[in-house]
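See below for the structure under consideration.
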Amino acid sequence: MGIVLAAFAFGAQAADIAKGGQAYATHCATCHGANGTPVMPGAPNFRRLDSLMRPDMQLLTAIRNGKGAMPAYFGVLRDREILDVIAYLRTLS
């Protein structure tokens, strides 16, 4: 599903912050820290709002495809789960 179609398909549904927190704890906290303060050098600090100033679909693409040392999560997390993680990240700052 393309990015535009994914945005349309998910636009009507609210993200689930609780599920996003669970997915974050499982897949992200090792490098990005349990509370969003990075453990791995170079990882973004999600406690600072400027890390998340990009649109959801840009963040989804970066997580899906991987970026720098972060592996791609395409095939590991569905787009809906990634959007849940993004919503959770926005609660950390």
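These values consider heavy atoms only, across backbone and side chains, with no hydrogens, waters or symmetry-generated copies. Just so it is clear, the structure is predicted and the values come from calculations on it, not from any experiment.
- Of the possible polar contacts, one joining the R47 side chain to the L92 backbone as a donor-acceptor pair under 3.5 Å is found.
- Closest approach of M70 to A62, counting heavy atoms only: CE-O, 3.3 Å.
- Checked by atom type and distance alone, the side chain of S51 pairs as donor or acceptor with a backbone atom of N45 at under 3.5 Å.
- A pairwise comparison of heavy atoms in V85 and C28 identifies CG1-SG, 4.4 Å as the closest pair.
- L83 has its side chain within reach of L60: a pair of non-hydrogen atoms, C-beta onward, lies under 4.5 Å apart.
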Decide yes or no on side-chain contact (heavy atoms from CB on, under 4.5 Å) for T91 and I17, but give the supporting numbers first.
CA-CA 8 Å; T91 71; I17 294 170; 4.0 Å; yes

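- Contact check for R48 versus S93: no side-chain heavy atoms found under the 4.5 Å cut-off.
- For the atom pair OG1 of T26 and CD of E81, the computed distance is 10.0 Å after rounding to the nearest 0.5 Å.
- Minimum heavy-atom separation, H27 to Y73: O-OH, 2.9 Å.
- Between atom CD1 of residue I86 and atom CD of residue Q58 there is a gap of 10.5 Å, rounded to the nearest 0.5 Å.
- A distance-only check finds a donor-acceptor pair linking the side chain of D84 to the backbone of D16 [under 3.5 Å].
- Formation of a donor-acceptor pair under 3.5 Å by the R90 side chain with backbone atoms of L52 is found in this model.
- R64 places a side-chain heavy atom less than 4.5 Å from the side chain of F74.
- The cluster map of Ile, Leu, Val, Met, Phe, Trp and Tyr, joined by side-chain heavy atoms under 4.5 Å apart, puts V76 and Y24 in the same cluster.
- A donor-acceptor contact shorter than 3.5 Å is absent between the side chain of T37 and the backbone of G33.
- When all heavy atoms are compared, the tightest approach of A15 to A87 is CB-CB, 3.4 Å.
- Separation of atoms CG (D79) and CG (D56) is listed at 12.0 Å; rounding is to 0.5 Å.
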